[in-house]
Amino acid sequence: MTRILIAAAFAASSSGAAGQSVNVTLSEWKIGLDRDTVQAGSVSFRVKNAGTMTHGFYVRGEGVAKGSREIPPGQEAPLTVTLKPGTYELYCPLS
């Protein structure tokens, strides 16, 4: 599998907050986020595939390595992770 890094950084700062959500839009060679910083704690990513091919969404860094299921074009999938303060890599692996 070849991994293509599409987005470089997502930051979580201290002062944990519960129930945060981030809308994510995937398309070919692009990840769109409605925000790029959240408080540390539970974060729910609402991931929509607006592209023409199947995509996935992964979060990695600060002890987190978690991804969504494969998302066909036009569909959505949730991904919830608990983030510590730090910077995270967001990416879509393409094969």
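When reading the values below, keep in mind they use all heavy atoms of this one structure, side chains included, and skip hydrogens, waters and symmetry mates. Residue numbers count from 1 along this sequence. Treat the numbers as computed from the prediction; the structure is a model and nothing was measured.
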**OP:** Any chance you could measure S42, atom OG, to Q20, atom CD, to the nearest 0.5 Å?
**Re:** 8.0 Å
**OP:** Could you grab the distance from atom CG of L33 to atom CG of L90, nearest 0.5 Å is fine?
**Re:** 6.0 Å
Original post:
How far apart are the closest heavy atoms of A50 and S27, and which atoms are they?
Top reply: C-CB, 4.4 Å
Subject >> From T87 atom OG1 to D36 atom CG, the distance as rounded to the nearest 0.5 Å >> reply: 10.5 Å
Subject >> Side chain proximity check, R46 to S21, heavy atoms < 4.5 angstrom >> reply: yes
Subject >> Check: V24 and L79 side chains under 4.5 Å, non-hydrogen atoms >> reply: no
Original post:
Are any non-hydrogen side-chain atoms of F45 and N23 less than 4.5 angstrom apart?
Top reply: no
Original post:
Backbone N or O of K48 within a donor-acceptor pair of the Q75 side chain at under 3.5 Å?
Top reply: no
Expected list for residues 62-73: side-chain donor-acceptor pairs under 3.5 angstrom, two or more places apart:
| unit_1 | atom_1 | unit_2 | atom_2 | d |
| --- | --- | --- | --- | --- |
| K66 | NZ | T80 | O | 2.9 |
| S68 | OG | F57 | N | 3.1 |
| R69 | NH2 | E76 | O | 2.9 |

Subject >> Check against side-chain contact (heavy atoms from CB on, under 4.5 Å), T25 and I31 >> reply: CA-CA 6 Å; T25 303; I31 294 179; over 6 Å; no
Subject >> Non-hydrogen side-chain atoms of M53 and H55 separated by less than 4.5 Å >> reply: yes
Original post:
Less than 4.5 Å apart, any side-chain heavy atom of R60 and any of Y88?
Top reply: no
